[in-house]
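All values derive from a computational prediction rather than experimental measurement. Because only heavy atoms are used, hydrogens play no part in the values below, and waters and symmetry mates are left out as well, while side chains stay in.
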Amino acid sequence: MWKGVANAAGAGLLWGCIFVVPLLLPEYPGIVLSLARYLAYGLIACVLALAAVSALRRLQRADWIEALKLSLIGNILYYATLASAIQLAGAPVPTLLIGTLPVVIAVTSNLLSGSAGRIAWRSLAPALVAILGGLACVNAKEVMSLMAGKSAVSASSYGIGVVLALIAVASWTWYPIRNSAWLQAHPEHTSATWATAQGLTTLPLAAGGFVLLALVQAVSGKEWLAFPLGPQPLLFVGLMLTIGFGASWLGTLLWNRASQLLPTSLAGQLIVFETLAALVYVFLWYQRPPSVLELTGIALLIGGVVLGVRAFQAPE
């Protein structure tokens, strides 16, 4: 039990790092951070693929196309929108929006499932109310600052950042549902093989994305970034390799181990370690403690996620 909790906590600590990277590299657009992270992950997947050649050869053309879709939406689009949201709206609000994913995914799955597997909405009501209340508390201070003209970000930047964060939530809601459906339909393939396949498809997407960005920059005449490595090359490369290995590969490895050691109901709730770790890192970066209102919002969010996961696990 405790080994499983420790692995889940380790995964959360690693995943939380991706929320701070956009603050450490504010000169780099979110799309660049996303492409670089998954370029690093794709290179790591190439090494892992050497030990899984025979398993990968059993994948069909349709499987590789599906892996490509999952990599594009669940990896590159997700982190590009999340990183941009953090840079535009600040880190706390996007972080907490992402923290609602366990319940958002559960609600979406409930909507898509047949009547036999659907849970009563009244069972979800307490969780949804708690999450909405938590988001209201966390947003209240920033909204009041915007209305008073005292916010560090403009109203337009804040609004665009929130929209991008919602797109990130939508993409990461679509990804696990679609990914789970493929795994259930193809029990002959292991989860490790499928993860490696997605890493391999991420590599050409990330490399092609960099080429496309360079072409767009050349045609437009606007220098968004000094290619190829930008204004802080050593920090940029170091952070991308770190999260490419740590967050994308090691974090997933630790989470898989936790899932093997813990009951499903407990493992699902422990995904909140990611949100908690991200918020700790963010407030350390801002060098300030969370306000009472923000602490209340965090508590409500965690409580809502736990209530939501429990509501879905109860039928089991």
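The stretch residues 50-60 participates, sequence neighbours left out, in no side-chain hydrogen bond (donor to acceptor under 3.5 Å, both in side chains) pair at all. Listed by first and then second residue, the ring pair (Phe, Tyr, Trp, His ring centres under 6.0 Å) pairs that reach into residues 67-98 are Tyr78-Trp172, sequence neighbours excluded. For residues 277-287, no residue pair satisfies the side-chain hydrogen bond (donor to acceptor under 3.5 Å, both in side chains) rule, not counting sequence neighbours. Residues in residues 231-247 take part in these side-chain hydrogen bond (donor to acceptor under 3.5 Å, both in side chains) pairs, two or more places apart or across chains: Glu27-Gln232.
Legend: residues meeting side-chain hydrogen bond (donor to acceptor under 3.5 Å, both in side chains) with Glu294, ordered by chain and number and at least two apart, are Arg288, Ser291. For Thr173, there are no side-chain hydrogen bond (donor to acceptor under 3.5 Å, both in side chains) partners two or more places apart in sequence or in a different chain. Applying the ring-ring contact (aromatic ring centres under 6.0 Å, His included) rule to Trp64 yields no partners; only residues at least two apart in sequence or on another chain are considered. Taking the ring-ring contact (aromatic ring centres under 6.0 Å, His included) definition, one finds that Phe245 meets it with Trp249, sequence neighbours left out. Not counting sequence neighbours, the partners of Trp194 by the ring-ring contact (aromatic ring centres under 6.0 Å, His included) test are Trp182.
Residues Val282 and Ile86 are members of one and the same hydrophobic cluster, defined by side-chain heavy-atom contacts under 4.5 angstrom among Ile, Leu, Val, Met, Phe, Trp and Tyr.
A side-chain donor-acceptor contact under 3.5 Å links Ser34 to the backbone of Ile76.
Residue Leu295 belongs to no hydrophobic cluster, having no ILVMFWY side-chain heavy atom closer than 4.5 Å to its own.
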Exercise answer: donor-acceptor pairs, residues 200-211 side-chain atoms, under 3.5 Å, sequence neighbours excluded:
{"unit_1": "Thr201", "atom_1": "OG1", "unit_2": "Ala67", "atom_2": "O", "d": "3.4"}
{"unit_1": "Thr201", "atom_1": "OG1", "unit_2": "Ser71", "atom_2": "OG", "d": "2.7"}
{"unit_1": "Thr201", "atom_1": "OG1", "unit_2": "Ala197", "atom_2": "O", "d": "3.4"}
{"unit_1": "Thr201", "atom_1": "OG1", "unit_2": "Gln198", "atom_2": "O", "d": "2.8"}
{"unit_1": "Thr202", "atom_1": "OG1", "unit_2": "Ser71", "atom_2": "OG", "d": "3.1"}
{"unit_1": "Thr202", "atom_1": "OG1", "unit_2": "Asn75", "atom_2": "ND2", "d": "3.3"}
{"unit_1": "Thr202", "atom_1": "OG1", "unit_2": "Gln198", "atom_2": "O", "d": "2.7"}

Sequence neighbours left out, cut at 3.5 Å: what donor-acceptor pairs do the side chains of residues 3-25 make with other protein atoms?
{"unit_1": "Asn7", "atom_1": "ND2", "unit_2": "Lys3", "atom_2": "O", "d": "2.8"}
{"unit_1": "Trp15", "atom_1": "NE1", "unit_2": "Ala247", "atom_2": "O", "d": "3.1"}

